[in-house]
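We number each residue from 1, following the sequence as shown.
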Amino acid sequence: MSKINFTEALILTDVEANTNMEVLDCLADNLCKQGMVKESYKQAIKEREKNFATGLPTSSVGVAIPHTDIEHVNQASISVGVLKNTVDFCIMGEEDSNVPVKLVFMLAMKEAHAQLELLQKLMQIFQDEEALTTLANAASKAKIKEIVSAKLGLEGGE
């Protein structure tokens with residue numbers, strides 16, 4: 001997998017939001033502020049979420065993995081948002097069902113094949129109940145960065 005930016009600046013904790021669109025706004029705005037994505041990214045990710053939901057129920061902590069097309073991305077990166085309170089996201093493939101989400105992994109990939117590879121690695125995290133619980137309750141961005149970087153095999157994340 002090519003170089004993926006994953007720094008503490010891309011980790012947001014105690015995110016306060018009432019809707020999934022507010023969550024997407026918050027994380028996308030931060031990715032844009034960090035220069036990782038183009039201005040068009042925020043609208044594109046919200047449109048994609050409306051058409052292709054990204055909520056995933058897991059055994060312990062609901063997650064969402066919003067992502068969009070590569071043309072909206074400047075630099076490959078991952079943003080992690082830990083929500084203060086859960087927010088409902090539609091379940092992937094089930095537009096009539098919601099999952100209360102606590103962790104959001106927003107992906108910004110430069111290559112379509114890299115996105116697929118990353119999604120496969122993320123699924124391993126989502127199946128690890130202990131890792132998800134630790135991430136949802138982590139006291140520091142450093143701890144979140146350490147766990148996610150190790151699980152995804154990211155070198156230093158910088």
Colleague: I need the Lys102 NZ to Thr133 OG1 distance, nearest 0.5 Å.
Modeller: 11.0 Å

Colleague: Leu103, Ile144: one ILVMFWY side-chain cluster at the under-4.5 Å cut-off?
Modeller: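 Yes, Leu103 and Ile144 fall within the same hydrophobic cluster.
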
Colleague: Return yes if some donor-acceptor pair links the side-chain N/O of Ser77 with the main-chain N/O of Gln75 below 3.5 Å, else return no.
Modeller: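 Here the side-chain-to-backbone pair exists.
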
Colleague: Could you go step by step and tell me if Leu24 and Lys42 meet the side chain to side chain contact (heavy atoms under 4.5 Å, CB included) rule?
Modeller: CA-CA 7 Å; Leu24 297 180; Lys42 181 169 149 180; over 6 Å; no

Colleague: Are the side chains of Val101 and Asn20 in contact, using a 4.5 Å heavy-atom criterion?
Modeller: no

Colleague: Would you find more than 12 non-hydrogen atoms of other residues, nucleotides or ligands less than 6.0 Å from Glu22 atom CD?
Modeller: yes

Colleague: Give the other cluster members for Leu116, using side-chain heavy-atom distances under 4.5 Å between Ile, Leu, Val, Met, Phe, Trp and Tyr residues; answer none if it is isolated.
Modeller: none

Colleague: How long is the straight-line distance from CD of Glu71 back to CG of Asp69, given to the nearest 0.5 Å?
Modeller: 4.5 Å

Colleague: Same cluster for Tyr41 and Leu119 if Ile/Leu/Val/Met/Phe/Trp/Tyr side chains link at under 4.5 Å?
Modeller: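 Per the 4.5 Å side-chain linkage, Tyr41 and Leu119 are not co-clustered.
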
Colleague: Cluster partners of Phe52, using ILVMFWY side-chain heavy atoms under 4.5 angstrom, listed by chain and number?
Modeller: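 Taking Ile, Leu, Val, Met, Phe, Trp and Tyr as members, Phe52 stands alone, with no cluster partners.
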
Colleague: Show the numbers, then the answer: is there a side chain to side chain contact (heavy atoms under 4.5 Å, CB included) between Val104 and Val15?
Modeller: CA-CA 10 Å; Val104 178; Val15 174; over 6 Å; no

Colleague: Spell out, yes or no, whether Val148 and Ile4 are grouped together once hydrophobic residues are joined by side-chain heavy atoms under 4.5 Å, including indirect joins.
Modeller: yes

Colleague: Any idea which heavy atoms bring Ile45 and Ala28 closest together, and the distance?
Modeller: CG2-CB, 4.5 Å

Colleague: Give a yes or no on whether the backbone of Ala76 and the side-chain of Lys3 come within a donor-acceptor separation of less than 3.5 Å.
Modeller: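 Flag not set: sc Lys3 to bb Ala76 has no pair under 3.5 Å.
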
Colleague: With side chains defined as the heavy atoms from C-beta onward, is the minimum distance between Met123 and Leu56 less than 4.5 Å?
Modeller: yes

Colleague: For residues 125-135, pull every pair meeting salt bridge (charged side-chain N to carboxylate O under 4.0 Å, His left out), keeping only residues two or more places apart or in separate chains.
Modeller: Asp128-Lys151

Colleague: Would you compute the distance between atom CZ of Phe105 and atom CG of Leu152 and round it to the nearest 0.5 angstrom?
Modeller: 7.5 Å

Colleague: Report yes if the side chains of Val73 and Met109 come closer than 4.5 Å at any heavy-atom pair, otherwise no.
Modeller: no

Colleague: Taking a hydrophobic cluster as the set of Ile, Leu, Val, Met, Phe, Trp and Tyr residues connected by side-chain heavy atoms closer than 4.5 Å, whether directly or through intermediates, do Leu132 and Leu107 fall within one such cluster?
Modeller: yes

Colleague: Side-chain atoms of residues 30-37: list all donor-acceptor pairs with protein atoms under 3.5 Å, sequence neighbours left out, distances to 0.1 Å.
Modeller:
from	atom 1	to	atom 2	distance (Å)
Asn30	OD1	Gln34	NE2	3.4
Asn30	ND2	Ala9	O	2.8

Colleague: Hey, can you pull the donor-acceptor pairs under 3.5 Å for the side chains in residues 80-93, sequence neighbours left out?
Modeller:
none

Colleague: Can you list the steps and then say if Ile125 with Leu135 is a side chain to side chain contact (heavy atoms under 4.5 Å, CB included)?
Modeller: CA-CA 10 Å; Ile125 294 177; Leu135 288 169; 4.2 Å; yes

Colleague: Distance from Lys143 atom NZ to Glu146 atom CD, nearest 0.5 Å?
Modeller: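 The NZ atom of Lys143 sits 4.5 Å away from the CD atom of Glu146.
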
Colleague: When you measure from the side chain of His67 to the backbone N and O of Ile65, does any donor-acceptor pair fall under 3.5 Å?
Modeller: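 A pair under 3.5 Å: yes.
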
Colleague: Please step through side chain to side chain contact (heavy atoms under 4.5 Å, CB included) for the pair Val61 and Phe126, ending with a clear verdict.
Modeller: CA-CA 9 Å; Val61 178; Phe126 302 158; over 6 Å; no

Colleague: What's the separation between atom CD in Gln127 and atom OG in Ser60, rounded to the nearest 0.5 Å?
Modeller: 11.5 Å

Colleague: Rounded to the nearest 0.5 Å, what's the gap from CG on Leu122 to CD on Gln115? Could you check?
Modeller: 10.0 Å

Colleague: Applying salt bridge (charged side-chain N to carboxylate O under 4.0 Å, His left out) as the test, list every pair that has at least one member in residues 43-64; sequence neighbours left out.
Modeller: Asp25-Lys46, Glu47-Lys50

Colleague: Under 4.5 Å between side-chain heavy atoms, counting indirect links through other Ile/Leu/Val/Met/Phe/Trp/Tyr residues: same cluster for Met106 and Val63 or not?
Modeller: no

